[in-house]
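Only this structure's heavy atoms are used, side chains among them; waters, hydrogens and symmetry mates stay out. The shown structure was predicted, so the numbers you read here are calculated from the model rather than taken from an experiment. Protein chains get the first letters and strands the later ones, always in sequence-line order, with residue 1 at the start of each.
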There are 2 protein chains.
Amino acid sequence: MNNSVMMMAMDQDPIKMLQDPISSRLGYLLRRASAAMMADLGAALAEIDLRPVEGTILILVGANPGCIQSDLGRMLGIKRANMVPLVSALATRGYIEKSPVDGRSLALSLTAQGEQARLAVETLMDVHESRFERLLAGRDESALRRALALIAEGPCFDDTEGGPAPMSVGDLG
Amino acid sequence: MNNSVMMMAMDQDPIKMLQDPISSRLGYLLRRASAAMMADLGAALAEIDLRPVEGTILILVGANPGCIQSDLGRMLGIKRANMVPLVSALATRGYIEKSPVDGRSLALSLTAQGEQARLAVETLMDVHESRFERLLAGRDESALRRALALIAEGPCFDDTEGGPAPMSVGDLG
DNA sequence: CTTGAATGTTATGAATCATAGCAATATTGA
DNA sequence: TCAATATTGCTATGATTCATAACATTCAAG
């Protein structure tokens with residue numbers, strides 16, 4: 001499965017000796033770095049059958065008991081309409097409790113299970129994050145770029161899959 | 001349209017005085033920063049009716065004349081199947097030329113129009129990027145976090161819209 | 001030559017995300 | 001007070017993004 005073995009030489013390792021004039025773009029580095037961390041976090045949270053968004057919402061509700069759906073959405077940049085199935089799913093799983101506070105607003109809070117899940121999420125996120133922070137040991141100012149490139153490489157992407165990290169079609173930059 | 005005016009006081013400016021335990025997460029900062037830059041780049045490239053991916057592909061083909069579709073896809077982390085409509089669209093617009101090199105592979109290269117478009121893309125990207133690099137003037141090591149937060153804030157997001165930058169549902173972290 | 005891999009392609013479904021609209025309620029201000 | 005407006009949760013819906021599977025053709029290797 002190792003391509004440097006398959007092709008007997010070590011010259012065209014990355015892709016096809018392709019010129020890369022976009023990795024110097026800050027936005028592109030950010031995108032790749034973000035994608036790398038997202039993939040890692042997604043894999044980590046999959047262990048407790050939770051997506052990154054859901055974990056984030058659990059953390060947010062845990063830190064803001066009684067907050068309402070709309071505020072969460074505004075904070076995360078998620079539209080009201082799309083928040084509905086998100087918190088509904090978490091409520092169905094018994095993680096989030098809704099109690100009307102306003103007639104129109106619902107105050108959200110974590111159930112016991114929800115608090116437990118939130119704790120698990122936070123633990124997994126800590127481990128996940130430390131995996132990447134190790135890469136940024138003693139970095140200085142303009143090393144921001146190099147740091148992002150390092151993150152984009154990622155600590156946990158052997159070549160058992162495709163590239164270093166999944167990338168989206170619509171949002172390359 | 002300024003909410004600090006609408007509510008007469010300056011206490012609950014951000015959302016609802018909501019606690020924010022996730023902005024300390026590197027992954028979340030990266031995601032938001034990336035989203036902020038993506039939004040800005042998307043708006044910039046819309047001026048020439050091009051999406052960020054398409055601009056990126058133009059740059060990549062320009063720097064690698066004769067490269068094949070698959071290599072581009074691997075480099076960008078885009079699957080073969082999803083590359084097809086992308087380069088097809090650029091070919092239809094007269095920006096990219098395909099010439100069979102292999103019987104199965106197609107060598108891609110920029111047409112004259114394509115080269116012109118690539119130049120425009122690169123110019124717009126330069127301006128776009130400088131908007132953000134101004135924010136990172138003289139930052140040092142652990143200021144990486146602060147820098148990302150700054151980028152996430154963005155230079156060009158007044159509150160005429162929703163949040164500071166669009167955020168995805170599936171990929172929060 | 002035969003097997004296996006790669007490339008471009010199509011078709012298709014899942015997931016993400018935005019838009020529009022609605023009913024109920026709250027807020028504002030004349 | 002009360003009418004206009006805004007907010008909240010919600011539904012429905014379409015567009016876009018993305019992954020999977022399969023296929024025909026062509027190349028590479030044994």
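The separation between L86(A) atom CG and dC10(D) atom P is 12 Å, rounded to whole Å. Note: CG (L76(A)) to C1' (dT16(C)) measures 15 Å, nearest angstrom. One interatomic measurement links the two molecules: NZ of K79(B) to P of dA22(D), which rounds to 16 Å at whole-angstrom precision. Atom CD1 of I78(A) is separated from atom P of dT8(D) by 16 Å (rounded to the nearest Å). Distance, I68(B) CD1 to dT9(C) P: 11 Å, rounded to whole Å. Straight-line distance from the CG atom of L108(B) to the C1' atom of dT7(C): 12 Å, rounded to whole Å. For the pair N82(B) CG and dG8(C) C1', the interatomic distance rounds to 13 Å; values are reported in whole Å.
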Between N or O atoms, less than 3.5 Å apart, protein on one side and nucleotides 23-25 of chain D on the other: list the pairs.
none

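Applying the salt bridge (charged side-chain N to carboxylate O under 4.0 Å, His left out) test to R93(A) and every residue at least two apart in sequence or in another chain returns D49(A). Among residues two or more places apart in sequence or in another chain, the side-chain hydrogen bond (donor to acceptor under 3.5 Å, both in side chains) test is passed with E115(B) by R118(B).
With rounding to the nearest 0.5 Å, the separation of CG in L108(B) from NZ in K98(B) is 7.5 Å. Between E122(B) atom CD and L119(B) atom CG the span is 7.0 Å, to the nearest 0.5 Å. With values rounded to the nearest 0.5 angstrom, L45(B) atom CG is found 9.0 Å from E54(B) atom CD.
Across dG8(C), dG9(D), dA11(C), the shortest atom-to-atom separation from the side chain of S105(A) is found for dG9(D). Taking only side-chain atoms of L106(B), from C-beta outward, the nucleotide of dT8(D), dA18(C), dG8(C) with the closest atom is dG8(C). For R51(A), counting side-chain heavy atoms from C-beta on, the closest listed nucleotide (dT8(D), dG8(C), dT16(C)) is dT16(C).
Note on K98(B): a side-chain N or O is less than 4.0 Å away from OP1 or OP2 of dT9(C). OP1 and OP2 of dA6(C) both lie 4.0 Å or more from every side-chain N or O belonging to R74(B). In this structure, Q69(B) reaches the dT9(C) phosphate: one of its side-chain N or O atoms is under 4.0 Å from OP1 or OP2.
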Worksheet item: side-chain contact (heavy atoms from CB on, under 4.5 Å) between I57(A) and V61(A): does it pass, once the steps are laid out?
Response: CA-CA 6 Å; I57(A) 291 180; V61(A) 172; 4.0 Å; yes
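The pair R25(B)-D126(A) meets the salt-bridge criterion, since a charged nitrogen lies less than 4.0 angstrom from a carboxylate oxygen.
Nearest-nucleotide mapping onto DNA chain D: of V101(B) and D102(A), the residue sitting toward the 5' end is D102(A).
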